[in-house]
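Here is the naming used below: chain letters follow the sequence lines, and residue numbers restart at 1 for every chain.
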Amino acid sequence: MTRYLGTSVKRVEDPRFLRGLGKYVANLTLPNMAYAAVKRSPLAHAKIRGIDTTRAKALDGVIAVFTGEDLLEGTGGFKCGSLPCGFQVPNLNMPPHNPLAVDKVRHVGDGIAVVVAESPYIAEDALDLIEVDLDPLPAVVDARGAMADGAPLVHDSAEQNLAFHWPLGDEEAVNEALSKSDHVVELEFINQRLIANAMEPRAAAAEWDPATESLTVWTTSQNPHTIRLLLGAFTLGIPEHKIRVISPDVGGGFGSKIFHYPEEVIVPFAARAVGRPVKWVATRSESYVTDAQGRDHVTKAKLGVNNDGTMTALHVTTWANMGAYLSTFGPLIPTALYITLFSGVYKTPVIFGEAYGTFTHTVPVDAYRGAGRPEASYLVETMVDLAARKLGMDPVELRRKNLIPTDAFPYQTPVALMYDSGNYQALFEKIEELSGYESLRKEQEAARAEGRLVGVGFASCIEASGPAPSAVAVGLGAAIGLFESGAIRVHPTGKVTVLTGSHSHGQGHETTFAQIVADQFGIDIADVDIVHGDTGRVQYGIGTYGSRSAAIGGSALVKSAEKIREKLKQIAAHQLEASVEDMVYDQDEGTISVAGSPDMVKTFAELAFASVLANNLPEGMEPGLEESSFYDPANFTFPASAHVAKVEIDPKTGEVDLQSYAAVDDVGNVINPMIVEGQILGGIVQGVGQALWENGIYDEDGQLLSGSMLSYAMPRADGFPSIALDRIETPSPHNPLGVKGAGEMGTIAATAAVSSAVLDALAPLGVRHLNMPLTAEKIHQAIAAAGNGGGE
Amino acid sequence: MYPREFDYVAPASLEEAFVALGDDAKVLAGGMSLIPLMKLRLLSPGLIVDIGRIPGLDSIEEADGHITIGALVRHADTASNPLVTANAAALAVAASMTGDVQVRNRGTTCGSAAHADIAADQPAALIACGATMVARSASGSREIAAAGFFVDTLTSALTPAEVLTAIKLPKAGPGEASAYDKLGRRGGHSDYAVAGAAAWVKKSNGMVEAARVALTGVGTKPMLLEGVGSALVGADGSDAAVAAASAHALDAVTVLEDLYGSEEYKGHLAKVFVARAMKKALAAV
Ligand SMILES: Cc1cc2nc3c(=O)[nH]c(=O)nc-3n(C[C@H](O)[C@H](O)[C@H](O)COP(=O)(O)OP(=O)(O)OC[C@H]3O[C@@H](n4cnc5c(N)ncnc54)[C@H](O)[C@@H]3O)c2cc1C
């Protein structure tokens with residue numbers, strides 16, 4: 001048997017997906033199933049004067065129509081509650097979020113009524129027959145503008161549209177350090193709204209069983225147990241043990257499928273009310289106006305720097321758009337996942353950050369791949385570049401001067417976090433070599449001499465992955481602990497079923513978790529099956545987000561495996577008539593033998609069978625072979641990265657040609673290099689999407705102008721050069737696998753690196769800053785303003 | 001994304017298709033534009049006439065001094081067919097820059113023309129290459145010059161009763177060449193044109209004897225820029241001559257502003273790409 005950890009085992013889930021055999025919620029067909037469609041607001045802000053469902057109800061094939069009032073009033077004692085916010089910062093203003101709007105609609109796409117019909121086509125037809133009398137009201141869409149005097153209020157209970165104010169750090173010390181610095185660079189900028197656009201739109205189905213008074217919900221969720229908890233405790237009021245939530249194959253989430261959505265309430269309500277299973281599948285158009293969106297900050301920042309390049313202090317104020325309602329983890333993102341990251345990979349001695357979370361008449365904002373950390377790295381790296389330019393220093397040299405030294409770990413930042421491990425110097429050496437940094441600069445010099453606009457961008461970033469431990473997370477405002485559960489069930493024949501609370505929706509856990517468990521026992525990976533995404537089968541779970549699954553979910557499996565190995569040793573010792581201390585578990589062979597007597601040996605499968613034969617077990621030992629663990633990590637893990645991008649800009653059109661890209665990442669120990677590379681590559685492409693193309697644009701009336709694939713520019717393969725990847729491995733010292741998170745690093749670094757490259761290319765024209773996305777038109781305008789860019 | 005109810009027929013011959021077509025019917029070719037419009041319920045025809053099973057429409061042939069592209073020829077075939085690349089390079093390039101691989105494997109060149117999107121690529125190339133559109137219906141056949149085929153936003157010269165059965169391209173003679181270039185909505189050549197231009201030129205004795213230049217993505221329809229072409233004729237084809245001619249790019253164009261570009265930027269791009277297309281065509285002679 002070979003060891004699997006660290007090798008590029010092919011993804012065991014792929015044959016199923018490639019042959020179209022994946023089972024998604026949309027594939028689900030239940031006997032007598034009905035179909036739901038949601039009538040949505042075309043306006044961003046309006047009073048609901050009346051809803052007439054008569055004509056819709058009269059349409060052939062329509063079974064029922066429910067409005068927001070119907071959900072609140074309920075049927076047969078069964079009614080819906082407000083969707084709660086799961087991250088409660090101090091003084092949080094949390095207005096109600098009804099699953100369907102009552103009285104007022106607050107964003108385009110806000111649900112107004114639900115139709116249940118015999119087919120999705122009829123349901124869609126019926127939507128056109130629902131007459132909604134809306135009285136339009138003025139809207140506000142901009143995070144900072146929402147706080148202005150006289151701005152229309154999203155919720156009457158939230159003055160100035162303020163949901164929260166969250167400060168962190170010693171502001172006085174920062175102001176003093178800034179006043180003593182040789183230079184202070186200042187910038188006000190926007191981190192634009194993004195739309196996740198997972199490949200699979202959201203979907204929900206539900207079936208009520210009157211016999212057992214229990215509910216089954218199928219939903220496209222990254223964390224089915226959390227959804228069950230919220231359904232039980234808040235939104236449906238059905239006891240938690242009577243609810244089963246199944247989240248089967250899910251086609252990507254990027255954060256947008258973490259949250260508890262209205263349809264997860266509406267569909268079960270409808271199913272119970274009509275006494276039939278009901279399914280709802282979002283259209284792509286609905287995804288654009290109902291999936292929680294990402295980023296959307298307005299920020300003012302000041303960075304102090306001395307003549308020798310030493311960074312002295314950072315002061316940041318951010319207005320973070322929360323959208324019309326607080327999404328499940330909305331307030332977490334611009335606070336504990338953003339401001340705490342302002343130290344980056346640097347030893348900036350004092351830092352102050354504050355965020356104002358504001359309500360606007362837009363789709364709610366929540367975690368989107370990287371969630372707060374890309375915003376932080378873009379902020380820090382942009383400011384560092386500005387400082388370098390101010391000092392006329394090479395941006396890499398300035399960064400190197402400020403790096404946290406390798407011997408400083410664990411490193412306490414001025415913004416709460418304690419970095420577990422890192423080797424940023426090694427990261428820099430490797431990226432400079434991989435990207436050919438020096439020769440890129442020489443090429444740039446030659447190109448500039450010819451008047452060409454060539455830029456080299458650099459970003460060195462930190463990630464805090466796997467938010468932890470629970471005591472800290474809950475202290476900060478999380479409404480649940482952030483541990484993970486993992487159980488291992490060994491069958492009599494030595495085959496293994498693993499039940500994990502993590503959820504794979506593209507990450508490849510069925511492969512990587514099987515690698516972990518197979519190595520723990522020294523068995524064939526084909527003998528290990530991973531079960532996830534079903535509260536009816538998996539004991540408990542927190543789910544997958546924040547690059548947490550390998551470090552936390554994986555570690556829980558190691559803990560369970562250790563318990564099983566211990567039990568196996570005891571059985572082996574008993575049967576071989578030796579002492580437990582003398583038992584040697586050979587993880588290459590999957591055998592236990594007596595030290596020094598290799599002939600006295602039992603295989604994993606023999607011992608598994610012995611555990612259920614149960615006729616010859618140590619005194620007092622229970623039969624069977626199944627263990628579970630709840631692993632609560634000691635800390636976040638802190639992956640780091642350094643990325644280099646080279647661009648050339650066409651001065652006539654402003655078009656950016658991304659010519660080369662190199663990335664060195666440190667995600668700790670690597671379980672499966674191929675999967676990690678896939679995660680990093682995908683992340684980079686997504687990060688470049690923000691830098692160059694993607695933009696969720698609302699007009700002043702709150703209409704989403706970029707609400708389709710036609711107008712929202714997702715990155716495509718043809719926009720990319722071949723990307724050079726390499727890594728260093730600085731194991732996390734506090735989890736048994738030594739792994740850190742790999743899911744978000746690419747996104748966190750790429751946005752900053754590419755923006756840096758474009759601004760570097762434009763620097764000779766005197767362009768100091770441009771907000772993302774760095775579209776051809778925006779760049780051309782800047783070039784034209786600098787007196788260039790005329791006709792061909 | 002569920003269309004309204006509609007009927008569907010898949011005729012086995014053009015004659016059967018002609019019988020089915022009418023005011024409430026739509027031809028379905030590759031479906032790359034029609035199906036999304038139906039799913040968004042922006043278009044709800046009562047009858048879909050799927051021409052996909054009619055034999056004999058999927059080839060590119062040479063006859064009587066013309067290259068003929070049948071109604072079911074896909075973008076991918078137009079892009080790579082040697083007859084097209086040799087005689088109408090602008091069209092082959094425009095087809096290669098249409099959408100992505102999947103779209104190019106299903107969408108048809110005739111469908112792109114019939115759809116008449118204001119930012120579509122191939123229509124500009126068809127105009128510049130001097131194509132002739134062959135429209136047939138129960139009442140007969142007529143030929144329409146490409147320059148007059150694109151009437152307005154999403155409106156071609158076809159009547160609801162007609163099928164665009166083929167596009168005829170003149171064979172390239174000595175000294176003739178064409179080219180297409182664009183800026184896509186995602187930068188590079190990716191996606192619909194923010195601005196795109198096609199140019200066809202004929203040179204003899206070092207002088208430009210004839211030229212046709214067409215623009216897409218900028219105005220209300222893909223259109224022939226007569227002012228640019230005539231400014232180039234009689235010149236030597238130098239960069240200066242190209243620059244002078246491209247100054248006429250907006251002579252007869254109403255620039256439409258959209259999410260992808262302001263009026264000013266699109267107007268600027270029109271000149272840039274008109275010049276680039278002319279340069280490329282001149283260089284290919
Ligand atoms: C993701 C995506 C990206 C795209 N990107 C681009 C791009 O970059 N550039 C670009 O130019 N286009 C682009 N398109 C549009 C694409 O080129 C379409 O294929 C083309 O516009 C329509 O061709 P079709 O054969 O698919 O026609 P269909 O969708 O079947 O039909 C389109 C319209 O034309 C009519 N029609 C079709 N064929 C005939 C005929 N023979 N006679 C009469 N009427 C007919 C139909 O009735 C319908 O009204 C894109 C499309 C998609 C989905």
Minimum heavy-atom separation for B:S190 to A:R716, with atom names? OG-NH2, 2.7 Å
Heavy-atom closest pair, residues B:P3 and A:Y121: O-CD2, 3.6 Å
Can you check whether [X] reaches [Y] side chain to side chain, under 4.5 Å on heavy atoms?
X	Y	result
B:Y260	A:S711	yes
B:H268	A:T653	no
A:E124	B:R4	no
A:H780	B:Y265	yes
A:E777	B:L269	no
B:Y192	A:L710	yes

Quick check on B:D191 against chain A: is it the side chain, the backbone, both or neither that has a heavy atom closer than 4.5 Å? both
Side chain, backbone, both or neither: which part of B:P36 has an atom under 4.5 Å from a heavy atom of chain A? neither
Chain B interface, residue from A:K778, A:Q781, A:M714 that has the most non-hydrogen pairs under 4.5 Å: A:M714
If you tally heavy-atom pairs under 4.5 Å between each of A:D128, A:V656, A:I122 and chain B, the highest tally belongs to A:D128
Nearest 0.5 Å, what's the OG-CD distance between A:S119 and B:E5? 9.0 Å
d(B:L259 CG, A:S706 OG) to nearest 0.5 Å is 7.0 Å
Chain B contact via A:D125 - side chain, backbone, both or neither, heavy atoms under 4.5 Å: both
Per-residue contact mode, A:D657 against chain B (heavy atom under 4.5 angstrom): neither
Does [X] have more than 12 heavy atoms from other residues, nucleotides or ligands lying within 6.0 Å of its [atom1]?
X	atom1	result
A:E131	CD	yes
B:E264	CD	no
A:D60	CG	no
A:Y24	OH	yes

Under 4.5 Å, heavy atom to heavy atom: which of residues 181-189 of chain B reach chain A? Give them by number, or say none. B:L183, B:R185, B:R186, B:G187, B:G188
